[in-house]
Asks: 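The structure is given below, and queries will be raised subsequently.
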Amino acid sequence: MCTTCGCGDTELVPVELHEKILAGNDRAARHNREHFLEARVLALNLMGSPGAGKTAVLEATAKAAAAKGWRLGAVSADLATDNDARRLQKAGIPSKAITTGQACHLDAELVHRSLHDFPWRDTDMFFIENVGNLVCPAIYDLGQAANVVVLSVTEGEDKPLKYPVMFNAADLVLLTKCDLVPHLDVELAKIHDALARVMPRPRMIEVSARTGQGMDAWVAWLEELRDGIGLGGADAHAHGHEHSHAHSHEHAHGDERHSHAHSHDGHEHEHGSADHHGHARGGKHDHD
Amino acid sequence: MHEYSLVEALVTRVEAEAKKRDAIAVHKLSVRVGELSGVDPELFQTAYETFRAGTICAGVPLTLTRVAASWSCPRCRTPIARGAILRCPACDTPGKLDDGSDALTLDGIEMEVP
């Protein structure tokens, strides 16, 4: 009410919020992240264009993981089919499709819902295969420990410059279909250069799901990441414990700001992957 | 086209704030769009104008402020030129994105309260 003269007129008030529009998604992502860490599951968000080779990389990872004794699991997002989930299932990765309909990306809530009837707790590594798209998925934190962007050698050397948001969000770029390089006019140095202009700590592994090239480096990266966030080691298989957390979706997880692992103090050390500060990284955290 | 889902999040947030303050009406919204926020300002505006119908934001103007992306050295603060390799030209430390460069922020709402 107007307090000057008490006339009963309404008042215009400016409400300052300065709040992220994706704050709701970020809360849901924190919730997922807590679940993953507590269950000692390494969650990865796999992004890339349609046809970049996301599913093929996972199929090839299944072989490498079997040798390590890792149990993998995946949810695979697709607009219309469950083809990818079926391919992964066939490759020995327990998988579930998330059919997004018209939605061009996954959000944290969709991932959370997909977990409810999937035995993700029985996995060591849980892959979230995002919708094939180099734009929209980049800005949604899902609760993953790291973002892996799959880029194939046939896509063009300047892709990182054209999609800086996606590659800036990447913790690792997997350059796929490298067995095709001899047949193409692609210069890998140009891809490296483009990445260095959008990623402050560019990290790229050249792989071929077909020949198995680079799979050992990719597996080593996963292992390093897992150890770095404290999910490796002898007790890494402590699954199946009692979990009394109610899924009310409305937890007050506090508004702690995750600072990105790569920007905490400006003191340079090449931690290839892991955050030494105890929380998982990846996603769109605030750059404090 | 994730702009629609972002607009939905925006309108939901505005509705919650208006309810909390028993607002009679909302008059203005201001949003800041970082260049690396992954949001196209024109698309966001169009999505907003389509989506606001039938909500508390119907007829409410949205002011978008664009924030250019910039990088600098987290150690010695030296700016890194646009398009350059993201390492400090002075001390070679990997660069850090400056505040706001990748943010999509609801800055403020002007509302009418009793």
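Order of the sequence lines fixes the chain letters, A, B, ..., with proteins taken first and strands second; residue numbering starts at 1 for each chain.
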Asks: What part of A:D193 gets within 4.5 angstrom of chain B, counting heavy atoms only: side chain, backbone, both, or neither?
Replies: both
Asks: Not counting sequence neighbours, which residues clear side-chain hydrogen bond (donor to acceptor under 3.5 Å, both in side chains) with B:S30? List them please.
Replies: none
Asks: Can you tell me how far apart CG (A:L161) and NZ (A:K159) are? Round to the nearest 0.5 Å.
Replies: 10.5 Å
Asks: Is a donor from one side chain sitting under 3.5 angstrom from an acceptor on the other, for A:N168 and B:D102?
Replies: no
Asks: Heavy-atom distance under 4.5 Å to chain B: side chain of A:M199, backbone, both or neither?
Replies: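 Only the backbone of A:M199 comes within 4.5 Å of chain B.
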Asks: Against chain A, work out which of B:A23, B:A103, B:A84 has the most heavy-atom pairs shorter than 4.5 Å and name it.
Replies: B:A84
Asks: Count the heavy-atom pairs under 4.5 Å between each of B:D107, B:D98, B:T105 and chain A, then report the option with the highest count.
Replies: B:D107
Asks: Let me confirm one number: the CE-CD1 distance from A:M47 to A:I128, rounded to the nearest 0.5 Å.
Replies: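 Rounded to the nearest 0.5 Å, the CE-CD1 separation comes to 10.0 Å.
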Asks: Out of A:R33, A:R27, A:K20, A:R30, which one pairs with A:D141 under the salt bridge (Lys or Arg N to Asp or Glu O under 4.0 Å) rule?
Replies: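 By the salt bridge (Lys or Arg N to Asp or Glu O under 4.0 Å) criterion, A:D141 pairs with just one of A:R33, A:R27, A:K20, A:R30: A:R33.
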Asks: With a 4.5 angstrom heavy-atom cut-off, is it the side chain or the backbone of B:R21 that approaches chain A, or both, or neither?
Replies: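 The side chain, not the backbone.
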Asks: Check whether any side-chain heavy atom of B:E110 lies under 4.5 Å from a side-chain heavy atom of A:V15, and answer yes or no.
Replies: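 Answer no - side chains too far apart.
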Asks: Is B:V31 close to chain A through its backbone or its side chain, or both, or neither, when contacts mean heavy atoms under 4.5 Å?
Replies: side chain
Asks: Which word best sums up how the rings of A:W218 and A:F127 line up, parallel for under 30°, tilted for 30 to 60°, or perpendicular for over 60°?
Replies: tilted
Asks: Return the orientation label for the A:H112 and A:H35 ring planes: parallel under 30°, perpendicular over 60°, tilted otherwise.
Replies: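 Plane angle between 30° and 60°, so tilted.
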Asks: Can you say whether B:I24 sits under 4.5 Å from chain A via the side chain, the backbone, both, or neither, judging by heavy atoms?
Replies: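 Just the side chain, heavy atoms under 4.5 Å.
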Asks: Can you pull out the residues in residues 8-20 of chain B with any heavy atom less than 4.5 Å from chain A?
Replies: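 B:A9, B:L10, B:R13, B:E17 fall under the 4.5 Å cut-off.
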Asks: So, A:N133 side chain and A:C104 main chain: donor-acceptor pair closer than 3.5 Å or not?
Replies: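 A pair under 3.5 Å: yes.
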